[in-house]
Amino acid sequence: MNYRIVKEVQKRVKPSTKILKKVMVLLCILFVLAGIILDRGMMFLALLMSGMYFLYDAYSVVDYEYVMEGDTFTIALIHAKRRRKTVHQLNLKDMEVVAPNRHEAVAQYRKNNKMGKITKYDYTSYEPEIPYYTMIITEDRRKIKLLLDLEEDMIRAMKRMYPDRVFCE
């Protein structure tokens with residue numbers, strides 16, 4: 001089969017991130033005012049605070065992109081809508097199971113299991129109304145657990161290729 005399915009997942013911004021950004025802006029304004037009124041050296045602190053704000057803003061906004069092309073499943077991190085970094089390039093032939101998070105097919109891979117320690121990567125949006133899936137797959141000869149917000153198109157395509165390994169709701 002020759003197809004390509006792409007899904008971009010936008011991670012929800014935490015409330016603490018919003019508060020921290022407001023505090024940084026407030027401190028920057030206070031340092032500028034202190035620089036005008038008291039000492040020009042405070043302007044340097046305002047410059048540093050504004051630089052920290054822009055760096056924090058760039059690295060606190062993270063999106064994920066899932067690309068399924070044939071038997072290859074790729075996950076990329078996108079920082080600040082500009083910088084892209086591929087974090088996983090997986091072969092779906094090495095997949096053990098894909099199922100909704102609370103499905104019995106992935107129950108044995110939860111915390112405190114008998115399977116040993118499995119590294120977990122969370123690439124979900126953290127939106128409470130969006131159901132997420134658990135994928136157990138082998139990468140570099142070790143099992144990993146991926147939490148993903150998969151689309152119906154991807155689930156159906158995986159189900160067609162590997163009907164015994166993919167479980168829907």
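These figures come from a predicted structure and were not determined experimentally.
One hydrophobic cluster, built from ILVMFWY side chains closer than 4.5 Å, cannot hold both Leu147 and Ile137; they sit in different ones. No continuous path of ILVMFWY side-chain contacts below 4.5 Å connects Met43 to Leu26, so the two sit in separate hydrophobic clusters. In the hydrophobic clustering of this structure, Ile78 does not group with Val9; members are Ile, Leu, Val, Met, Phe, Trp, Tyr whose side-chain heavy atoms approach within less than 4.5 Å, directly or through other members. In terms of hydrophobic clustering, with Ile, Leu, Val, Met, Phe, Trp and Tyr side chains grouped at heavy-atom distances under 4.5 Å, Val67 and Val98 are assigned to different clusters. Residues Met68 and Tyr121 share a single hydrophobic cluster, defined by chaining ILVMFWY side chains whose heavy atoms lie under 4.5 Å apart.
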Could you check Leu148 against Phe73 for side-chain contact (heavy atoms from CB on, under 4.5 Å), going step by step and ending with a plain yes or no?
CA-CA 12 Å; Leu148 307 164; Phe73 189 78; 3.9 Å; yes
Would you please test Leu20 and Tyr56 for side-chain contact (heavy atoms from CB on, under 4.5 Å) and show each step?
CA-CA 10 Å; Leu20 185 60; Tyr56 183 78; 3.6 Å; yes
As a quick check of understanding, evaluate side-chain contact (heavy atoms from CB on, under 4.5 Å) for Tyr123 and His88, giving each step before the final call.
CA-CA 11 Å; Tyr123 301 114; His88 297 285; 2.8 Å; yes
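When only modelled atom types and interatomic distance are considered, His103 and Tyr133 share no side-chain donor-acceptor pair under 3.5 Å. For the 3.5 Å distance criterion, the side chains of Asn101 and Tyr132 qualify, holding a donor opposite an acceptor. No donor-acceptor contact under 3.5 angstrom links the side chains of Thr124 and Asp149, judged on distance only.
Side-chain contact between Met49 and Met24 is present, with at least one heavy-atom pair separated by less than 4.5 Å. In this structure the side chain of Met161 reaches within 4.5 angstrom of the side chain of Asp71, judged on heavy atoms. Counting heavy atoms from C-beta on, the side chains of Val97 and Thr134 never come closer than 4.5 Å. Met95 places a side-chain heavy atom less than 4.5 Å from the side chain of Val166. Residues Thr74 and Thr86 meet the side-chain proximity criterion, which asks for heavy atoms closer than 4.5 Å. Residues Thr17 and Ile19 are not in side-chain contact: their nearest non-hydrogen atoms beyond the backbone lie 4.5 Å or more apart.
Listed by first then second residue, pairs satisfying side chain to side chain donor-acceptor pair (under 3.5 Å) with a partner in residues 29-50 number zero, not counting sequence neighbours.
Going from atom NZ of Lys11 over to atom CG of Leu77 covers 8.5 Å, rounded to the nearest 0.5 Å. With rounding to the nearest 0.5 Å, the separation of CZ in Arg142 from CD1 in Ile118 is 11.0 Å. The CG atom of Leu90 sits 5.0 Å away from the CD1 atom of Ile144 when rounded to the nearest 0.5 Å. Residue Arg84 holds its CZ atom at 14.0 Å from OH of Tyr64, rounded to the nearest 0.5 Å. Atom-to-atom distance recorded for Ile130:CD1 and Leu150:CG is 11.5 Å, nearest 0.5 angstrom. Atom CD of Glu152 and atom SG of Cys168 lie 6.5 Å apart (nearest 0.5 Å).
Nearest heavy-atom pair, Pro100 versus Val106, reported as atom, atom and distance to 0.1 Å: O-CG2, 3.6 Å. In terms of heavy-atom proximity, Leu92 sits nearest to Gly70 at CD1-O, 4.1 Å. Shortest non-hydrogen contact noted between Ala105 and Gln108 is O-NE2, 4.3 Å. What you find for Gln89 and Glu139 is that their closest heavy atoms are N-OE2, 4.3 Å. Taking all atoms of both residues into account, the shortest heavy-atom contact from Lys93 to Tyr162 is CG-OH, 3.3 Å. In plain terms, the two heavy atoms of Arg12 and Pro128 that are nearest each other are NH1-CD, 3.7 Å.
Every residue meeting the salt bridge (charged side-chain N to carboxylate O under 4.0 Å, His left out) condition with Lys21, not counting sequence neighbours, appears here in chain and number order: Asp57.
Salt-bridge annotation for Glu65 and Lys7: absent, with no side-chain N of the basic residue lying under 4.0 Å from a carboxylate O of the acidic one. A salt bridge is absent between Glu96 and Arg165: the closest approach of a Lys/Arg side-chain nitrogen to an acidic carboxylate oxygen does not fall below 4.0 angstrom.
With Lys143 contributing its side chain and Thr138 its backbone, the two residues share no donor-acceptor pair below 3.5 Å.
For Phe54, the CZ atom sits in a loose shell: 12 or fewer heavy atoms of surrounding residues, nucleotides or ligands are nearer than 6.0 Å.
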